[in-house]
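In this chain, residues are counted from 1 in sequence order.
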Amino acid sequence: AMMMYLVRTFGLPDHWYPQSKPQECARVDSFLSWYGVGLRSPCIAWTFNKVLVPAYGKQPRQDLIDRAEKNTLASFKVFEDVWLAGDADY
């Protein structure tokens, strides 16, 4: 939603949000929708359990750290295989 607001308000160039190319615009929208759940959530879970819990003097649960790390690595794999695949310049 923020990207669309910025585009409408400030008229960002097409290389940020390709309004003149609907298929590429849909790809950007698709990535932004996936990012929140697909990449951000597992990274937050890992950071919370590995870094923040000990920082507050609590004993972290290793099973939660392991699960968060597994999910984060799986998300990175999807990011690489799906979103960075192809011959586009990134």
Side-chain angles (χ1 to χ4, degrees):
M2 182 55 74
M3 180 66 81
M4 289 184 252
Y5 167 78
L6 292 172
V7 169
R8 288 186 195 121
T9 304
F10 300 106
L12 295 176
D14 263 8
H15 70 272
W16 288 107
Y17 193 79
Q19 286 184 294
S20 64
K21 300 174 184 170
Q23 286 181 323
E24 289 181 24
C25 189
R27 181 121 169 108
V28 171
D29 291 342
S30 183
F31 170 75
L32 292 173
S33 294
W34 172 81
Y35 166 79
V37 176
L39 188 59
R40 188 169 165 241
S41 292
C43 291
I44 289 171
W46 182 86
T47 303
F48 178 81
N49 289 294
K50 181 75 174 180
V51 178
L52 294 178
V53 169
Y56 284 100
K58 305 283 185 184
Q59 182 65 35
R61 287 181 43 194
Q62 191 60 45
D63 63 317
L64 296 178
I65 294 171
D66 293 344
R67 183 175 9 164
E69 182 176 351
K70 178 183 171 191
N71 292 340
T72 299
L73 293 174
S75 292
F76 286 153
K77 180 87 171 115
V78 171
F79 181 65
E80 185 176 336
D81 292 348
V82 174
W83 301 106
L84 296 180
D87 58 357
D89 294 327
Y90 296 103

List the atom pairs, donor and acceptor, that lie under 3.5 Å between side-chain atoms in residues 48-59 and the rest of the protein, sequence neighbours left out.
from: N49; atom 1: ND2; to: A45; atom 2: O; distance (Å): 2.8

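Within the 4.5 Å cutoff, the side chain of F79 has heavy atoms near those of the W34 side chain.
The distance from the CZ atom of R8 to the CD atom of Q19 is 8.0 Å, given to the nearest 0.5 Å. Interatomic distance, L39 CG to N71 CG, rounded to the nearest 0.5 Å: 11.5 Å. Between T9 atom OG1 and M2 atom CE the span is 9.0 Å, to the nearest 0.5 Å. Rounding to the nearest 0.5 Å gives a distance of 12.5 Å between CH2 of W83 and OG of S75.
A distance-only check finds a donor-acceptor pair linking the side chain of S33 to the backbone of D29 [under 3.5 Å].
Heavy-atom neighbours of E80 CD from other residues, nucleotides or ligands within 6.0 Å: at or below the threshold of 12. For F31, the CZ atom sits in a packed shell: over 12 heavy atoms of surrounding residues, nucleotides or ligands are nearer than 6.0 Å.
Linking ILVMFWY residues whenever their side-chain heavy atoms come closer than 4.5 Å, directly or via other members, places Y5 and Y35 in the same cluster. Under a hydrophobic clustering in which Ile, Leu, Val, Met, Phe, Trp and Tyr are joined whenever their side-chain heavy atoms come within less than 4.5 Å, directly or via other members, L6 and V28 fall into the same cluster. Under the 4.5 Å side-chain heavy-atom criterion for Ile, Leu, Val, Met, Phe, Trp and Tyr, V78 and L32 are members of the same hydrophobic cluster.
Across all non-hydrogen atoms, the minimal contact from T72 to P42 is OG1-O, 3.0 Å.
R61 is linked by a salt bridge (charged side-chain N to carboxylate O under 4.0 Å, His left out) to D63, counting only residues two or more places apart in sequence or in another chain.
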